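Read through the structure below, which is laid out as structure tokens, and then see the notes.
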Amino acid sequence: MNGALRGEKEMKFTQPKARFLMCRPDHFAVSYAINPWMDPTGWARDQRAHAAAARQWEALHGKLIALGATVELVPPVGGLPDLVFTANGAVVLDRQVLLARFRHPERQREEGHFEAAFRALQAHGLVDGIRKLPDNLVLEGAGDCVWDEKRKLFWMGYGTRSDFAARRAVADVFGQDVLALELADPRFYHMDTALAPLPRGEVMYLPGAFTAAGNGAVRDRVAAHDRIAIAFDDARRFAANTVCLGDTLVMAGCGARLRGELSERGYTVVTTALSSFLRSGGAAFCLTLRLDRESRPRAVAVDQAAVA
């Protein structure tokens, strides 16, 4: 058993098996700046940065395995430091894959490598259909398209990276509702940095990451007792960027108040140091892509976006 998990594993919890896609951080670095967290100069001066990232990634990988997950791997590629953030590679539901398209040139070369990885998964029977976005649409994968199992909808972020118009493509491919919310703070540039639907039906989110209209949409869809508004101190630790495995929440960190509230609601919080990846604006959810989520078929009803 992974040593860092042992103390938390003693708590009573169970979780189903899950399958994730990850990429080892062999070539990870902060070598450019496309969000406010990234400081290439500071990274270059830190001679221990890469070794720390490797240790932290291995710890996260080990915890997921210890929690019963299976992990498939994308081969790392030199010159693509953010390939490690596999959540951005695609949206996956019901064995269907909608490949991502990236906003920034620095990440656009990842698209072909993610497609190749999904073709390999398809050949091994792990996914079925693979679709591409219509030309000229940007959607940065599950990072901006987070599945809510209880409500049977995707929470889609737009404005900073992804396009509002991509909501129609998501609805067409997956046959599920899509609620598009405008992201208002460049520090929380993807939906998965600002909002996390939890397994018992709560939604953990940072109100300051959304416009007034976006916050209204959250209130309309999520009952008051199921809304967990997190403080900026937890948000900057990327507490919303959590991996859910049953009632276990794997995250980079959170404060005592949030941990206590989650515990009272029946969750076990498992923290794992991911400071190296926070330097690039990512954490646990960003470093993983769930491959085995399923839904029940339902009619498509694409919500109008909340526009400030």
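It should be emphasised that the depicted structure is a prediction, and the values quoted were computed from it without experimental measurement.
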Just do the ring-ring contact (aromatic ring centres under 6.0 Å, His included) check on Trp155 and Phe210 with the steps written out, would you?
CA-CA 12 Å; Trp155 297 93; Phe210 301 100; 8.2 Å; no
Any cation-pi pair here, Arg227 with Tyr205, using under 6.0 Å and within 45°?
no
May I have all residue pairs that pass ring-ring contact (aromatic ring centres under 6.0 Å, His included) and include part of residues 91-115, sequence neighbours excluded?
none
Crowded around Asp220 CG? As in, over 12 foreign heavy atoms under 6.0 Å?
yes
Which residues pass the side-chain hydrogen bond (donor to acceptor under 3.5 Å, both in side chains) test with Arg119, sequence neighbours left out?
Glu115
Quick note, ring-ring contact (aromatic ring centres under 6.0 Å, His included) partners involving residues 43-62, not counting sequence neighbours, are Phe28-Trp43, Trp57-His61
Tell me whether Asp185 contacts the main-chain N or O of Gly208 through its side chain, where contact means a donor paired with an acceptor under 3.5 Å.
no
Will you find, in the side chains of Tyr189 and Asp144, an N or O donor that is under 3.5 Å from an N or O acceptor?
no
Evaluate Leu198 against Leu249 for side-chain contact (heavy atoms from CB on, under 4.5 Å), listing each step before the verdict.
CA-CA 9 Å; Leu198 302 183; Leu249 309 180; 4.1 Å; yes
Are Arg107 and Asn88 close enough that a side-chain donor and a side-chain acceptor fall under 3.5 Å?
yes
Polar contact flag, side-chain donor to acceptor under 3.5 angstrom, Glu140-Ser162:
no
When you compare the side chains of Asp94 and Ser295, does any donor N or O come within less than 3.5 Å of an acceptor on the partner?
yes
Side chains of Thr272 and Gln56: donor-acceptor distance under 3.5 Å anywhere?
no
